[in-house]
Chemist: 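Pasting a structure here, questions to come.
Reminder, nothing fancy here: chain letters follow the sequence lines and each chain counts from 1.
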Amino acid sequence: MWHNDFPALAALAARGITYLDSAATAQKPAALLLALQTYLSQGVANVHRAGYRLADEVTTAFEACRDEVATFIGAAQRDEIVFTRSATEAFNLLAYALEPQIQAGDELLLSPLEHHANLLPWQQLAARRSATLVWLPITASGHIDMTAASKLFNPRTKLLAVTQLSNVLGTVQPVRELCALAEQHGALSVVDGAQGIVHGTVDVRALGCDFYVFSAHKLYGPDGLGVLYGRHSLLSQLPPWQFGGEMVQQVSRASASFQAAPLRFEAGTPPISAVLALRASLAYLRALDRSAVAAHEAALLQHLKDGLDQRAGVRRLGDSDAALVSFVVDAVHHADLAQLLDEQGIAVRSGQHCAHPLMATLGVAGSTRVSLSLYSQDADLERFFTALDNALALLQEEPTP
Amino acid sequence: MWHNDFPALAALAARGITYLDSAATAQKPAALLLALQTYLSQGVANVHRAGYRLADEVTTAFEACRDEVATFIGAAQRDEIVFTRSATEAFNLLAYALEPQIQAGDELLLSPLEHHANLLPWQQLAARRSATLVWLPITASGHIDMTAASKLFNPRTKLLAVTQLSNVLGTVQPVRELCALAEQHGALSVVDGAQGIVHGTVDVRALGCDFYVFSAHKLYGPDGLGVLYGRHSLLSQLPPWQFGGEMVQQVSRASASFQAAPLRFEAGTPPISAVLALRASLAYLRALDRSAVAAHEAALLQHLKDGLDQRAGVRRLGDSDAALVSFVVDAVHHADLAQLLDEQGIAVRSGQHCAHPLMATLGVAGSTRVSLSLYSQDADLERFFTALDNALALLQEEPTP
Amino acid sequence: MSLPAAAQQVLNLLQQSPSFEGRNRALLQLGNQLPSFASERRNEQDLVHGCDSQVWLRCAQQGTALHFSASSDARLIRGLLACLLLRANGLTAAELAHVDWPDWLTQLGLKQQLSPSRANGLNAVVQRVLALSRAT
Amino acid sequence: MSLPAAAQQVLNLLQQSPSFEGRNRALLQLGNQLPSFASERRNEQDLVHGCDSQVWLRCAQQGTALHFSASSDARLIRGLLACLLLRANGLTAAELAHVDWPDWLTQLGLKQQLSPSRANGLNAVVQRVLALSRAT
Ligand SMILES: Cc1ncc(COP(=O)(O)O)c(C=O)c1O
Ligand SMILES: Cc1ncc(COP(=O)(O)O)c(C=O)c1O
């Protein structure tokens, strides 16, 4: 139903391509294309400290997006929203800006489900500060084990960094409970919402997290833009990380003073058109019936799981709660499967999904991931299953001796 | 002549707006709008390690832009080109990645002309490492004084960071000579090409710099994208700075190994559509007769300087060589002038232009900056002068007692 | 809430002179009337951040009525400040809290100037006026 | 430069079976014929980075002729490797330098597979073949 709002889908269909990789990046609604085209064809300007009305208009629209993001995720204040290049940059900003707060022997609590973006910055921070990464165990279904987790918090725990929705398993994590534990133990909490925000309503205050991160391009928005939410009392205390124009108050040859958050974290010319484009995407999403979307995605997910379970040799990894499923096939290499699916126009992810430690934990070299979005349809899954059957027919054949 | 290639100019003209702030950000050619629209409406995909043909196509186009940037600036190899969020991010990347090479007592050589983006990252680095910033004197015309400069290099000099073209004065700096001095003294050289690349052909090998930085949005390209060029022998030795997906080789819970440059510096999903858009802008620029462009801009600049020099009380800052002029007016506050110009539809920059130390050096609180581009026209300047005369008629009137 | 007399006057003045010249000449005149700060009173704590010119603002209390004085090194900005002060002066903190500033500037034909992203800092000045009034 | 006989055979085989099934079955068969590496010979230095599957490649010299052996844990990739090796084996380093790989894969109907951005790593394998041949 919503899929007519996404012009690329028709173009892909015309080429025989079925896009089932929305967890990597989502196709864009027409509203986004229009917003970009309008901005770029009506006159661009740089933002902040506008001396003329065009710059004032652009800045106002830019800052309006900050308000809309704040509303979208339930932030208490607009200045809790920082625009970054991507989710990845947001995690790096945090890992550098929090560095002074981490001492030797401190513990950073991570799950083995984490995407490299929410793992490597902490791994590097731990190395720089002689801190320790502590790993939250996961259950067979791919959920963080809360009983085990609660025992891992201790006075040395300084930070919790967990994903809301695994980009490999599709499992929804007990983030609210974990953040509550973190708070009880005086630890900071960082939630990776890159996947989570796409498939459910987010309320950062209800989650109780200190920081929340996502990328616009997965949320039907533009690439080149990420969002960092930070609780005001914490964000406003973090030192700036990148330096340049617009984030300063006074600069002399010897020293400088900086703006308050969020501007102090937005050095230089920001991705203006991406911010305006995100605004259009959020407006589009806001106008949807989100419970209808959720129901649609849930039905698709069930269809996907059932279909996979019916196929011999196919084993799902974990038990997905939302939007995506990874699987392996006995005696079939995921790279071979990827190649045969691609030849049949099926665009799915194959490999380690930027989550090497998780793959090691699961004991698999790689997997095939099918991911869904609000514009996915049952027909997409039918095409996928047909292609899968064709591929497996070849790959599961006994090798001629 | 070229101004018909920029759709926003007609829209601005229809609103009575004369855009003379291209040094802040440039309007976009139709070719860029088309490239964006095509990409977004034909099907987006994430880049690198493609498992299917759509991702392969997008990655190929993305990487082709790297080749085109390399050619555009005369880099020896494509892998000397790193895509960043902006020029600002590129300077920050350098200042963090070079940090291990800077020791207490080392000297970093800067000019007082630098934009905050090419000043603050070094100021912060100097503070972190107890290094010293040493300032290259400038002449009355606003050029780095080479005689004085040559005496400032010494064995403690570790790095030279200078702008190619001042964003406040429009003066072209003796970058080639300075880089040669840096090389002789074993110092690294960083050139800020944010303005320079827009108004002349750049050949990084002829310049002899180690690093060269610019922003796409000033070069008729998209916002949200910067470029860092690094000499291969140096860039390939720099440690990564931001961490996340795509920049790794192997990741375990305890450690990680990284890709070679440039990918090691491009953590996470890059600004893909901006890279594709830049490619379109570069193709557009390549097709122009660049000497005709240079002649056009030179004639406009002369028109601008002459016009300003004819007005009583108007004093130009420095002696611009290219593309932009800053001026002050006796007994007139730049903020008042900005307001009256804006009311008449003139979009020019007013203030300190992200160059506080330069303003302090020049002894002015701020200035008005008119900046030109290849799409500027004499008629734009005529409208500017009319508005200027109207504004000054009011502001230079004797105050009623 | 009726307009203070001084505010009514400035309204009349600006509404009578809607042209570019007229409006700005009026603003310049208004600015000239602003009592100028002696330079020793231009201290850091009265400086309003976020303005492209230097703007000082202070607040005094006479009974429950508040009186603001302000200055700037830019003449037109002084005129804009005058427009704000003529509307604000003499009001109580409670009354001030109810002033519809966007509406006031719209009536004066100066609405654009109040945008938070404007380098003139007028919005920052209004915020400071309100903060000072709350602090009394 | 005429094609080695084995290369001509694989060309015929793939050109005779242009369908999805035919081509891939042929590739799988070719892959099965690839002498498999004993696992103790799968050492780190023979591993070709940049492939989604694990690919090993080594080179031996017989006179001036080069002989490559390769393997992978993925069967179709093995087939693709076989296509490369059948074209390369027996050539001298000088001859190898002149092989037009994109053209060869185009003839086989496999051109897409050689893209540098492909996770299959075939491009990386070709680069390694050339590097090894230059090193002899
Ligand atoms: C769970 C998760 N976190 C973080 C990221 C990183 O996002 P980006 O590459 O946009 O920075 C991703 C994207 O793959 C993801 O799936
Ligand atoms: C000389 C110079 N350097 C650096 C920059 C910073 O560019 P950006 O804001 O795109 O990072 C600018 C832009 O104003 C500039 O003019």
Chemist: Could you walk me through whether B/Glu397 and C/Leu28 satisfy the side-chain contact (heavy atoms from CB on, under 4.5 Å) test, starting with their C-alpha distance in whole Å, then the side-chain angles of each, then the deciding distance to 0.1 Å, before giving a yes or no?
Modeler: CA-CA 10 Å; B/Glu397 238 169 44; C/Leu28 288 169; 5.6 Å; no
Chemist: Which residues pass the ring pair (Phe, Tyr, Trp, His ring centres under 6.0 Å) test with B/His116, sequence neighbours left out?
Modeler: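 Partners of B/His116 by the ring pair (Phe, Tyr, Trp, His ring centres under 6.0 Å) criterion, ordered by chain and then number, come out as B/His356.
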Chemist: Is there side-chain contact between C/Asn24 and B/Leu395, with at least one heavy-atom pair below 4.5 Å?
Modeler: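 Answer no - side chains too far apart.
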Chemist: Sub-3.5 Å donor-acceptor pair from the side chain of C/Arg75 to the main-chain atoms of B/Asp336, do we have one?
Modeler: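 No; zero donor-acceptor contacts below 3.5 Å.
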Chemist: Side chain, backbone, both or neither: which part of B/Leu340 has an atom under 4.5 Å from a heavy atom of chain C?
Modeler: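 For B/Leu340, backbone and side chain are both near chain C.
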Chemist: From B/Glu343 CD over to C/Leu76 CG, what is the distance, rounded to the nearest 0.5 angstrom?
Modeler: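 One gets 8.0 Å once the value is rounded to the nearest 0.5 Å.
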Chemist: Given the options C/Asp52, C/Leu27, C/Ile77, which has more heavy-atom pairs under 4.5 Å with chain B than any of the others?
Modeler: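 Most pairs with chain B among the choices: C/Asp52.
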Chemist: Which one, C/Gln113, C/Arg118, C/Gln112, leads in non-hydrogen pairs under 4.5 Å with chain B?
Modeler: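 The answer is C/Gln113.
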Chemist: Does atom CZ (B/Arg315) have a neighbourhood of more than 12 heavy atoms from anything else shown, all under 6.0 Å?
Modeler: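 Counting other residues, nucleotides and ligands, CZ of B/Arg315 stays at 12 neighbours or fewer.
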Chemist: For B/Asp309, check salt bridge (Lys or Arg N to Asp or Glu O under 4.0 Å) against everything at least two apart and list the hits.
Modeler: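 With sequence neighbours excluded, B/Asp309 shows a salt bridge (Lys or Arg N to Asp or Glu O under 4.0 Å) to B/Arg316, given in chain and number order.
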Chemist: Is C/Ala119 in contact with chain B via its backbone, its side chain, both, or neither, using a 4.5 Å heavy-atom distance?
Modeler: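 Nothing of C/Ala119, per the 4.5 Å heavy-atom cut-off to chain B.
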